[in-house]
Each structure stands twice: as structure tokens, then as C-alpha cells.
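Since we're looking at a predicted model, the values are computed, not measured.
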Amino acid sequence: MTIYQHRASVTTASGATSSASLRVGGGICRQVLIRANTSTTTFLSYIQDNSALEVMRYSSQTGELNDITAFPVSGIYTVFITNASPDDTFNIYLGIEE
């Protein structure tokens, strides 16, 4: 078993930002963690595959999202953060079992 970890630190501008993973040969996403620098920051987030198909959408979060719902992955995935209030720095982690 190999674990691919996508880690990024991004800053929102006008409430939005994104981060794209490297190409994943195929596997199962085991964890999505998005953590704002400030625990009171609210935000929306979603994940798209390289065909711009939305594969996960999350409701409004405050401070942190930690999802361990497994879903299949293959290709490049982009994590989008929107409606962040206030603008903040976010740490993103995707843990993918290949």
C-alpha cells in the first residue's frame, strides 16, 4: 500500500482559492483536511476532477473540515475554497491510498 499525500498552503483573495494535486494513477481518497489559520473563519469547499466534474461538495465549515469519506480517484484533483470570510490562509491535505 502506498499513500500519496497532497499538501498545500494557500491564501484566499476575495474569499476564494484553489490547489491542484499531481496526477494520481488511481486509488481511494481516504482523507480530505482543510484547515483555516483562524478558527473562526467560515468557508465552502468542493473537489473537482480533471474533467471539471464535481466529485465532492461540502457545506459551510468554520475553522476546519476533516472528511474521511472514501471515494475513488484517478487523475488530477483540484480543491476549491470559496466564500471564505474573512480572507485567510488554509492548509489542505488529501490522503490517497494507491
Just so I know, are the side chains of N50 and Y77 near enough to count as touching, which here means a heavy-atom distance under 4.5 Å? no

Exercise: identify the closest heavy-atom pair between E54 and Q48: CA-CG, 4.1 Å

Got I96 and R30 here, is their nearest side-chain heavy-atom distance under 4.5 Å? no

Under a 4.5 Å cut-off applied to non-hydrogen side-chain atoms, are V32 and I47 in contact? yes

Only one of N91, I92, I34 forms a side-chain contact (heavy atoms from CB on, under 4.5 Å) with S19, so which one is it? I92

Checking T38 against D88: is there a side-chain donor and acceptor pair closer than 3.5 Å? yes

Between S18 and T78, what is the shortest heavy-atom contact and its length? CB-CG2, 3.9 Å

Would you say the rings of F43 and F90 are close, in the sense that their centroids are separated by under 6.0 Å? yes

Would you name the heavy atoms of V73 and C29 that are closest together and state the gap between them? CG1-CB, 3.9 Å

Short side-chain donor-acceptor distance under 3.5 Å, N66 and Q31: yes

Do L33 and F71 land in one hydrophobic cluster if side-chain heavy atoms of ILVMFWY residues count as linked below 4.5 Å? no

Looking only at heavy atoms, what is the nearest atom pair of S45 and L65, with distance? OG-CD2, 3.7 Å

What do the steps show when you test L44 against Y58 for side chain to side chain contact (heavy atoms under 4.5 Å, CB included), and what is the final call? CA-CA 6 Å; L44 297 173; Y58 299 102; over 6 Å; no

Under the side chain to side chain contact (heavy atoms under 4.5 Å, CB included) rule, what do T89 and S9 come out as? Steps first, then yes or no, please. CA-CA 7 Å; T89 299; S9 181; 3.6 Å; yes

Grab the two heavy atoms, one from I28 and one from P72, that are nearest each other, plus how far apart they are. CD1-CA, 4.1 Å

ILVMFWY cluster, L94 and I3 together (side-chain gap under 4.5 Å): no

Between D67 and M56 the two heavy atoms that sit nearest each other are OD2-CE, 3.4 Å

Report yes if some heavy atom in the side chain of H6 is under 4.5 Å from a heavy atom in the side chain of L22; otherwise report no. no

Kindly indicate, with the supporting measurements, whether the criterion side chain to side chain contact (heavy atoms under 4.5 Å, CB included) is fulfilled by T62 and T41. CA-CA 5 Å; T62 301; T41 298; over 6 Å; no

Check the angle between the aromatic planes of F80 and Y46 and answer parallel, tilted or perpendicular using the 30° and 60° thresholds. parallel

